[in-house]
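Written out below as structure tokens is the structure these notes cover.
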Number of protein chains: 2
Amino acid sequence: MSKQELPIVQTTSCCTSPQSAPLGEGQAVELAAIFKALGDPVRLRLLSLIAAAEADKGVCVCELTPAFELSQPTISHHLKLLRQAGLVGSERRGTWVYYWLRPEVTDRLASLLARPANEWQAEPAAQAS
Amino acid sequence: MSKQELPIVQTTSCCTSPQSAPLGEGQAVELAAIFKALGDPVRLRLLSLIAAAEADKGVCVCELTPAFELSQPTISHHLKLLRQAGLVGSERRGTWVYYWLRPEVTDRLASLLARPANEWQAEPAAQAS
DNA sequence: AACATGAATAGAAGAACGTCAATACAACCT
DNA sequence: AGGTTGTATTGACGTTCTTCTATTCATGTT
């Protein structure tokens with residue numbers, strides 16, 4: 001049970017099958033899973049709290065849970081979904097577990113949404129300055 | 001029944017209640033609704049097809065439906081969700097209905113995701129060039 | 001006016017989701 | 001070793017979502 005799920009996205013994506021259609025089925029499934037993780041108010045607020053922390057430090061779950069009027073298992077569940085989507089990473093430090101943002105993934109989504117008129121195809125992640 | 005739903009987002013958002021927390025509850029609900037609309041492979045592909053078209057022309061539903069192995073009502077339903085999220089606009093031209101992208105909304109999401117370490121707060125829409 | 005075609009709506013069935021209470025696991029501290 | 005605190009997992013319940021078939025609405029044509 002100590003299996004750590006792999007993130008859905010590989011930012012170094014090697015295209016699935018760039019046929020003719022823009023955004024192939026495979027990529028659509030992959031991206032939709034990430035957007036679905038963002039499609040909940042609690043998870044969005046969690047992510048914003050996590051993103052607000054210093055990247056290398058991370059945020060303790062013990063700081064996140066009391067920010068919501070939800071049970072601790074519910075918060076834990078949402079954090080798990082964010083992690084499975086690849087949006088955050090997590091690590092245990094002593095008694096506490098810390099979560100941090102993975103900007104590669106959010107950047108990928110941002111670059112995808114930023115130029116919708118252009119290419120929605122596979123994009124080898126943003127190489128922003 | 002001829003009521004045209006209003007998009008969820010008003011890009012000229014007048015802040016709900018910028019308290020202390022990053023991304024207030026209200027904004028989280030609002031944004032999550034948009035991300036949820038993106039959280040389905042079919043809708044993502046629909047959006048990419050719509051985005052690929054010339055902005056002022058739009059895409060006919062009659063071109064979108066045969067691109068999927070789904071029933072016509074199902075496609076119609078997904079298009080409705082994209083429209084309710086404010087991601088696309090639609091218009092009837094004679095026998096056919098056309099859909100087009102609303103870049104203001106996708107741009108807003110992009111700018112939100114692009115700088116997660118910075119401010120997730122209310123953002124008066126991107127004022128791109 | 002009747003008909004044909006494109007698109008939206010209504011209603012239903014099954015799967016997936018969000019939440020909780022209860023429990024299990026992990027690490028620290030006597 | 002036993003107890004305490006922080007976090008994750010399990011199982012259940014009600015809601016929401018995706019999809020379908022059947023039907024209705026809208027427009028254009030004969």
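Side chains are part of it too, since the values below use all heavy atoms of this structure and drop only hydrogens, waters and symmetry mates. Every chain is numbered from 1, with letters handed out A, B, ... down the list of sequences.
- At least one donor-acceptor pair closer than 3.5 Å links the side chain of B/Thr65 to the backbone N or O of B/Val61.
- At whole-Å resolution of the value, CG in A/Leu46 and P in D/dA8 are 12 Å apart.
- Atom CG of B/Leu79 is separated from atom C1' of C/dG6 by 13 Å (rounded to the nearest Å).
- Atom-to-atom distance recorded for B/Thr95:OG1 and B/Arg92:CZ is 7.5 Å, nearest 0.5 angstrom.
- Residue A/Tyr99 is in sugar-phosphate contact alone, with no base atom involved, counting any heavy-atom pair closer than 4.0 Å across all strands shown.
- Per the geometry, CD belonging to A/Gln84 stands 12 Å off C1' belonging to D/dA8, to the nearest Å.
- When the P atom of D/dG6 is taken as reference, atom CD of A/Glu63 falls 12 Å away, rounded to whole Å.
- When rounded to the nearest whole Å, the span between CZ of A/Arg93 and C1' of D/dG6 equals 15 Å.
- If you take OH on A/Tyr99 and CG on A/Leu64, they are separated by 9.0 Å, rounding to the nearest 0.5 Å.
- Nucleic acid contact class of B/Tyr98 (heavy atoms, under 4.0 Å, all strands): none.
- From B/Leu87, atom CG reaches atom CG of B/Leu79 across 11.5 Å, with rounding to the nearest 0.5 Å.
- A pairwise comparison of heavy atoms in B/Leu113 and A/Leu38 identifies CD2-CD1, 4.2 Å as the closest pair.
- Counting heavy atoms from C-beta outward, A/Leu109 and B/Leu109 have side chains that stay 4.5 Å or more apart.
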Please list, pair by pair, any protein nitrogen or oxygen found under 3.5 Å from a nitrogen or oxygen in nucleotides 18-22 of chain C.
from: C/dG18; atom 1: OP1; to: A/Asp40; atom 2: OD2; distance (Å): 3.4
from: C/dG18; atom 1: OP1; to: A/Arg43; atom 2: NH1; distance (Å): 3.4
from: C/dG18; atom 1: OP1; to: A/Arg43; atom 2: NH2; distance (Å): 3.0
from: C/dG18; atom 1: OP2; to: A/Arg43; atom 2: NH1; distance (Å): 3.3
from: C/dT19; atom 1: OP2; to: A/His78; atom 2: NE2; distance (Å): 2.4
from: C/dC20; atom 1: OP2; to: A/Ser71; atom 2: N; distance (Å): 2.9
from: C/dC20; atom 1: OP2; to: A/Ser71; atom 2: OG; distance (Å): 3.0
from: C/dC20; atom 1: OP2; to: A/Thr74; atom 2: OG1; distance (Å): 2.8

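- Separating the CZ atom of A/Arg92 from the P atom of D/dA8 is a distance of 7 Å, rounded to the nearest angstrom.
- Residues A/Gly94 and B/Thr95 both approach DNA chain C. Their nearest nucleotides, taken by heavy-atom distance, put B/Thr95 toward the 5′ side.
- In this structure a side-chain-to-backbone donor-acceptor pair under 3.5 Å is present from B/Ser48 to B/Arg45.
- Of the side-chain N and O atoms in B/Lys80, none sit less than 4.0 angstrom from OP1 or OP2 of C/dA8.
- Separating the CZ atom of B/Phe35 from the P atom of D/dT16 is a distance of 22 Å, rounded to the nearest angstrom.
- The CD-P distance, from B/Glu91 to C/dA7, rounds to 14 Å in whole Å.
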